[in-house]
Amino acid sequence: MGVSLSVGLSLCLSDHYPTSCVVVADPEDYQPPIWKSYLYRLQQEAPRPKRMTCPQEMETRPKYYGREFHGMLSREYADELLGGAEGAYLVRESQRQPGTHTLALRFGHQTLNYRLFYDGKHFVGEKRFETVHDLVTDGLITLYIETKAAEYIAKMTTNPIYEHLGYTSLLKDKMEHRLSRGRTEPRRVTFQREDSKVHTFRGPHWCEYCANFMWGLIAQGVHCSDCGLNVHKQCSKLVPSDCQPDLRRIKKVFSCDLTTLVKAHNTTRPMVVDMCIKEIELRGLQSEGLYRVSGFSEHIEDVRLAFDRDGEKADISANVYNDINIIAGALKLYLRDLPIPVITFHVYSRFIQAAKIPNPDTRLEAIHEGLLQLPPAHYETLRYLMMHLKKVTMFEKDNFMNSENLGIVFGPTLMQPPEQNALATLNDMRHQKLIIQLLIEHEDVLF
């Protein structure tokens, strides 16, 4: 019974929703669609579980089962005990394979037998449940709906509402706006929907692709944490891979995934990077020890809080933070706190191996190949940062910061090994430094 799961059974909605969908495309005036109620009504009609309790205490009963455990029984005797009642269930020890357990369940006027497992939670398929009763409840819902509505489910993706919702209209409007401006960015690639995960919804939920109810007790569908889209697992395969995050879901700026942040704000780079670099180039390029000298940590924390609270409206001007090292420190903190570093875990080893190549030209070619493997937001952030650091080195006579010094500072900030091994990290530091040094020196060739 590898079944897919949904929502609570006791929650009530009107049975009079029409089956057609009327939606508003403008995200500013978005109104919820009118959802299709057929599958919800079927869930309400599904058989309820009836636990058949054992009249005597079983010494062999595992501690994670209750009185539904009847010890070692044959299939035939289990069928007799269930008495033909729809939804009736019990747990028995298998006669054919002693030490293993079977869920016997009445559905469709027959007894179904499923191998039952426990690893801290109960399961017969992918889904895991706190109790056997929840597992049976979910299974009965799924069996009933998939039996009664097999043809309906097979056709429910043929008239999707997805294109009428704000997700695609917002994305389409912004893409058209980008095209009208012309291609000014050096490297622009469509963002891919990467953060969609099977999700348990609390309360009734409807699929935002087909407008049908997402049935079951748990793991009823897929949720995209970027744009907030909720769909059936089977519908998720039909949803376009590019998505636009809902800005309301982005609770902070620091420690937020870089790709998610730039998609939410519809920018090529995080506004933190742009604003800090702009401020530093305005008044800090000649500051001695720029990026090496630390700013006051409490003031750096204030800048972080300002970005998290006010976003692009954060005031980081000289009127508020006269010491440019505070702004430089905030930029380094932002880059260091990214959950996935600018040079991602995926390509880290590729860059380390490139640093070990003795031939300079071959080494640069390997680094360039590594850059092409970066996600678009990471690539553009790194490119922009290297352009800035190249500019910093042009003021070396004032700030005493050359590409090697900047490589020492930014190596561990932009590159972090996938596995936190202290010895490996120590050994990699010189390679990290060299990679950043070469990216600065050859910025115009590599990007």
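Computed from heavy atoms alone, side chains included, the values below leave out hydrogens, waters and symmetry copies. Everything numeric in this text was worked out from a predicted model, so none of it was measured.
- Heavy-atom contacts from other residues, nucleotides or ligands closer than 6.0 Å to CD of Glu301 number more than 12.
- Arg336 and Thr413 are not linked by any side-chain donor-acceptor pair at a separation below 3.5 angstrom, with hydrogens and angles left out of the test.
- For Tyr77 and His70, the distance between ring centers is not under 6.0 angstrom.
- Under the 4.5 Å side-chain criterion, counting only non-hydrogen atoms from C-beta, Pro270 is not in contact with Phe254.
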Tell me, with the steps shown, if His133 and Tyr89 meet side chain to side chain donor-acceptor pair (under 3.5 Å).
CA-CA 9 Å; His133 195 79; Tyr89 73 93; 3.0 Å; yes
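- Side-chain contact annotation: Glu281 with His388, donor-acceptor N/O pair under 3.5 Å present.
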side-chain contact (heavy atoms from CB on, under 4.5 Å) between Arg363 and Lys356, worked out
CA-CA 8 Å; Arg363 184 168 55 202; Lys356 298 177 181 178; over 6 Å; no
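- Nearest heavy atom pair, residue Pro47 against residue Leu140, reads O-CD1, 3.5 Å.
- Note that CD1 of Ile316 and CE of Met275 are 4.5 Å apart. Values are rounded to the nearest 0.5 Å.
- Under the 6.0 Å distance and 45° angle rule, Arg128 counts as a cation-pi partner of Phe123.
- Inter-residue side-chain proximity for Leu112 and Leu143 is flagged as met; some heavy-atom pair is nearer than 4.5 Å.
- By the neighbour-count criterion of 12 heavy atoms within 6.0 Å, atom CD of Glu151 is sparsely surrounded, having that number or fewer from other residues, nucleotides or ligands.
- Looking at every heavy atom in both residues, Val136 comes nearest to Pro49 through CG1-CB, 3.7 Å.
- Heavy atoms of other residues, nucleotides or ligands lying less than 6.0 angstrom from NZ of Lys50 number more than 12.
- Using a 4.0 Å cut-off between a side-chain N of Lys or Arg and a carboxylate O of Asp or Glu, Arg61 and Glu93 do not qualify as a salt bridge.
- Heavy-atom contacts from other residues, nucleotides or ligands closer than 6.0 Å to CE of Met429 number 12 or fewer.
- Between the side chains of Asn230 and His205, no donor-acceptor pair of N or O atoms lies under 3.5 Å.
- Salt-bridge formation is detected for the pair Glu68/Arg51: a Lys NZ or Arg NE/NH1/NH2 atom is positioned less than 4.0 Å from an Asp or Glu carboxylate oxygen.
- You'll find the side chain of Ile327 stays beyond 4.5 Å of the side chain of Leu331, heavy atoms only.
- Tyr118 and His101 form no side-chain donor-acceptor contact under 3.5 Å, judged by distance and modelled atom types alone.
- With hydrogens and angles ignored, the 3.5 Å screen pairs a side-chain donor or acceptor of Lys332 with a backbone N or O of Tyr291.
- Around OH of Tyr64, the count of heavy atoms belonging to other residues, nucleotides or ligands within 6.0 Å exceeds 12.
- Pairing each heavy atom of Ala219 with each of Thr200, the nearest pair is N-OG1, 2.9 Å.
- Heavy atoms only, all atoms of each residue included: Gly407 and Pro412 are closest at O-CD, 4.5 Å.
- The minimum heavy-atom distance linking Leu438 with Ile367 is given by the pair CD1-CD1, 3.8 Å.
- In this structure, Met156 CE and Gln234 CD are separated by 4.0 Å, a value rounded to the nearest 0.5 Å.
- If you look at Tyr379 and Phe447, their ring centroids are closer than 6.0 Å.
- Salt bridge status for Asp308 with Arg304: present, with a side-chain N to carboxylate O gap under 4.0 Å.
- Summarising the geometry of Gln432 relative to Met415, their closest heavy-atom pair is NE2-O, 3.5 Å, with the distance given to 0.1 Å.
- Between His346 and Tyr348, the ring centre distance reaches or exceeds 6.0 Å.
- Judged by distance alone, the side chains of Tyr152 and Asn212 do bring a donor and an acceptor atom under 3.5 Å apart.
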